[in-house]
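Structure first, commentary second.
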There are 2 protein chains.
Amino acid sequence: MKKPEEQFLDYLARKRLKNTSQRMTILSAFLRQKAHLSTEEFYLQLRKEHPGIGYATVHRTLKLFAECGIASERNFGDGQMRFEVSLGNEHHDHLVCTSCGQILEFENQQIEQLQIDVARTHNFIIEDHRLELYGLCSACHTTEQPPVS
Amino acid sequence: MKKPEEQFLDYLARKRLKNTSQRMTILSAFLRQKAHLSTEEFYLQLRKEHPGIGYATVHRTLKLFAECGIASERNFGDGQMRFEVSLGNEHHDHLVCTSCGQILEFENQQIEQLQIDVARTHNFIIEDHRLELYGLCSACHTTEQPPVS
DNA sequence: ACGATATTGAAAACGGATTTCAACTTATAG
DNA sequence: CTATAAGTTGAAATCCGTTTTCAATATCGT
Ligand SMILES: [Zn+2]
Ligand SMILES: [Zn+2]
Ligand SMILES: [Zn+2]
Ligand SMILES: [Zn+2]
């Protein structure tokens, strides 16, 4: 398995793109972040240490990561793009807590196989899939839940 | 099973909302449309027969349908909200063709059960879920696929 | 019919993603 | 080490679907 840094530099070379200090700074920060941050959240984190880097650059660079396979773009229906490191991470799906926003990961090989079966019976070629379970995580439903309003 | 019209009128009554001609027109058109139309697509259809109804009213009314259980809101990652009639339709998940945009429906009881198992092992209470398989439908991969570029 | 309340449609506002553009940086060639 | 071509940057502007605003209008209980 290639390292993310290598993979990114290879991608830049292949596409005749340039290796800039901003890109390396963002990559290094990205690899250290907790997963499933939105562009905005990540940008705010990054800005604490690197106030000079603009939002547009962060956005463009995260998209580069997705293109070259380092990152996966996620969308949990809150209207924000989220990213997580994908290189070196097993495929997984998500449990999204609608109360506290926590995102848990799971992997179920039986479900994956059944998806393939479903696709076959419809003569459909799967390129990608998304499976998310929305609800209350353990912490949010064991505690008393005073309505937010 | 209550009829959609009844259910909507009940909901309006319960919430002290008013029964207007626009709402009834939109409901009747919605029940006749093919599924998975975006607000915009639906509005453009509706406008052919009812040019007087504004986009905002259509939008607000579709949200009412979702609130009262007549409609499901869907989001297939193209940045548009889509709606389909849910009352009287079995739960189903979707196959989304990334080439022609066609949306097929499927239902797999084993997958549904495995989702429940996954949630249980994480002590997670499912409120909702989404499962979509993205790829090429039968028509799009049997034909020669000249690259779009 | 009256008055209180809700709805309507056009337009404006909103929010996140994306693009624009002039200044700047990088890579490559001489 | 320049020079030059080409790509990048950050701020601001733009895009685009969604949602809200608001004055005019419609509904509904009395
Ligand atoms: Zn999966
Ligand atoms: Zn994840
Ligand atoms: Zn399902
Ligand atoms: Zn459907």
Side-chain angles (χ1 to χ4, degrees), chain A residues 8-30 36-68 71-83 101, chain B residues 8-30 36-68 71-83 101:
Chain A
F8 187 49
L9 292 174
D10 286 359
Y11 181 78
L12 294 181
R14 196 152 18 94
K15 291 271 192 147
R16 305 280 135 81
L17 304 178
K18 289 174 178 170
N19 179 354
T20 68
S21 71
Q22 288 93 334
R23 283 175 177 166
M24 291 308 130
T25 300
I26 293 169
L27 176 55
S28 140
F30 180 63
H36 315 124
L37 259 53
S38 68
T39 309
E40 178 75 13
E41 288 165 349
F42 177 65
Y43 167 69
L44 292 176
Q45 285 295 320
L46 182 76
R47 195 171 65 170
K48 292 179 190 165
E49 308 242 344
H50 302 279
I53 298 183
Y55 182 91
T57 301
V58 170
H59 168 262
R60 287 181 290 225
T61 305
L62 289 173
K63 300 224 91 177
L64 280 182
F65 295 165
E67 284 167 26
C68 77
S72 298
E73 229 168 288
R74 302 285 190 179
N75 164 4
F76 297 126
D78 63 351
Q80 310 240 138
M81 226 181 251
R82 293 173 182 277
F83 293 87
Chain B
F8 186 49
L9 292 174
D10 286 359
Y11 182 77
L12 294 181
R14 196 152 16 95
K15 291 269 192 148
R16 307 274 135 78
L17 303 178
K18 289 173 180 170
N19 179 353
T20 66
S21 70
Q22 288 93 333
R23 283 174 176 168
M24 291 308 131
T25 301
I26 293 169
L27 176 54
S28 140
F30 180 63
H36 314 121
L37 259 54
S38 68
T39 309
E40 178 75 13
E41 288 164 349
F42 177 64
Y43 167 68
L44 291 176
Q45 285 295 319
L46 182 74
R47 197 170 62 171
K48 292 177 191 166
E49 307 244 343
H50 303 278
I53 299 182
Y55 182 92
T57 301
V58 171
H59 168 262
R60 288 182 290 225
T61 306
L62 289 173
K63 302 224 91 177
L64 279 182
F65 294 165
E67 283 166 29
C68 77
S72 299
E73 228 168 291
R74 301 286 189 178
N75 162 4
F76 297 126
D78 63 350
Q80 310 239 140
M81 223 179 253
R82 293 172 182 278
F83 293 87

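Remember, predicted model here, so these are calculated numbers, not experimental data. Per chain, numbering begins at 1; letters A, B, ... match sequence-line order. When reading the values below, keep in mind they use all heavy atoms of this one structure, side chains included, and skip hydrogens, waters and symmetry mates.
In this structure, CZ of A/Phe83 is placed 8 Å from P of C/dA17, rounded to the nearest angstrom. Between the CG atom of A/Leu62 and the P atom of C/dG16 there is a distance of 16 Å, given to the nearest Å. Regarding B/Ile53, its CD1 atom lies at a distance of 15 Å from the C1' atom of D/dT25, rounded to whole Å. In this structure, A/Arg23 atom CZ and C/dA27 atom C1' are separated by 13 Å, rounded to whole Å. Atoms CE (B/Met24) and P (C/dT7) sit 11 Å apart, rounded to a whole Å. We find that CZ of B/Arg47 is positioned 13 Å from C1' of C/dA10, with the value rounded to whole Å. Atom CD in B/Gln80 sits about 12 Å away from atom P in D/dT19, given to the nearest Å. Between B/Met81 atom CE and D/dC16 atom P there is a gap of 18 Å when expressed in whole angstrom units.
In terms of heavy atoms, A/Ile53 sits closest to A/Val58 at CG2-CG2, 3.9 Å. When all heavy atoms of A/Thr61 and A/Thr57 are compared, the pair lying nearest together is OG1-O, 2.7 Å. The heavy-atom pair separating B/Met24 from B/Leu9 by the smallest distance is CE-CD2, 3.4 Å.
Between the B/Glu41 side chain and the B/Ser38 main chain, a donor and an acceptor come within less than 3.5 Å of each other.
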**Asked** Stepwise, does the side-chain contact (heavy atoms from CB on, under 4.5 Å) test hold for A/Phe8 with A/Leu64?
**Response** CA-CA 8 Å; A/Phe8 187 49; A/Leu64 280 182; 4.1 Å; yes
task = Take A/Leu44 and A/Lys48 through the test side-chain contact (heavy atoms from CB on, under 4.5 Å) and record every step on the way to the result.
result = CA-CA 7 Å; A/Leu44 292 176; A/Lys48 292 179 190 165; over 6 Å; no
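A heavy atom lying under 4.0 Å from DNA chain C marks the following residues of residues 8-18 of chain B, by number: B/Arg16, B/Leu17, B/Lys18.
At the heavy-atom level, A/Arg60 lies under 4.0 Å from base atoms of the strands shown.
Distances were taken from every side-chain heavy atom of B/Lys63 (C-beta onward) to each of C/dT18, D/dT8, D/dT19; the shortest belongs to D/dT19. Candidate nucleotides C/dA17, D/dT18, D/dT9 were compared by shortest atom distance to the side chain of A/Tyr55, and C/dA17 ranks first. The nucleotide whose nearest atom lies closest to any side-chain atom of B/Ala56 is, among C/dG9, D/dT18, D/dG17, C/dG9.
The phosphate of D/dT9 has OP1 or OP2 within less than 4.0 Å of a side-chain N or O from A/Thr20. Considering only side-chain N and O atoms, A/His59 lies under 4.0 angstrom from the phosphate OP1 or OP2 of C/dT18.
Between A/Gln22 and B/Val58, the residue whose closest nucleotide on DNA chain C is further toward the 5' end is B/Val58. Checking B/Asp78 against A/Leu64, the closest nucleotide of DNA chain D that is more toward the 5' end is the one next to A/Leu64.
Results of the ring pair (Phe, Tyr, Trp, His ring centres under 6.0 Å) test with A/Phe65 over A/Phe42, A/Tyr11, A/Phe30 single out A/Phe30 as the only residue that passes.
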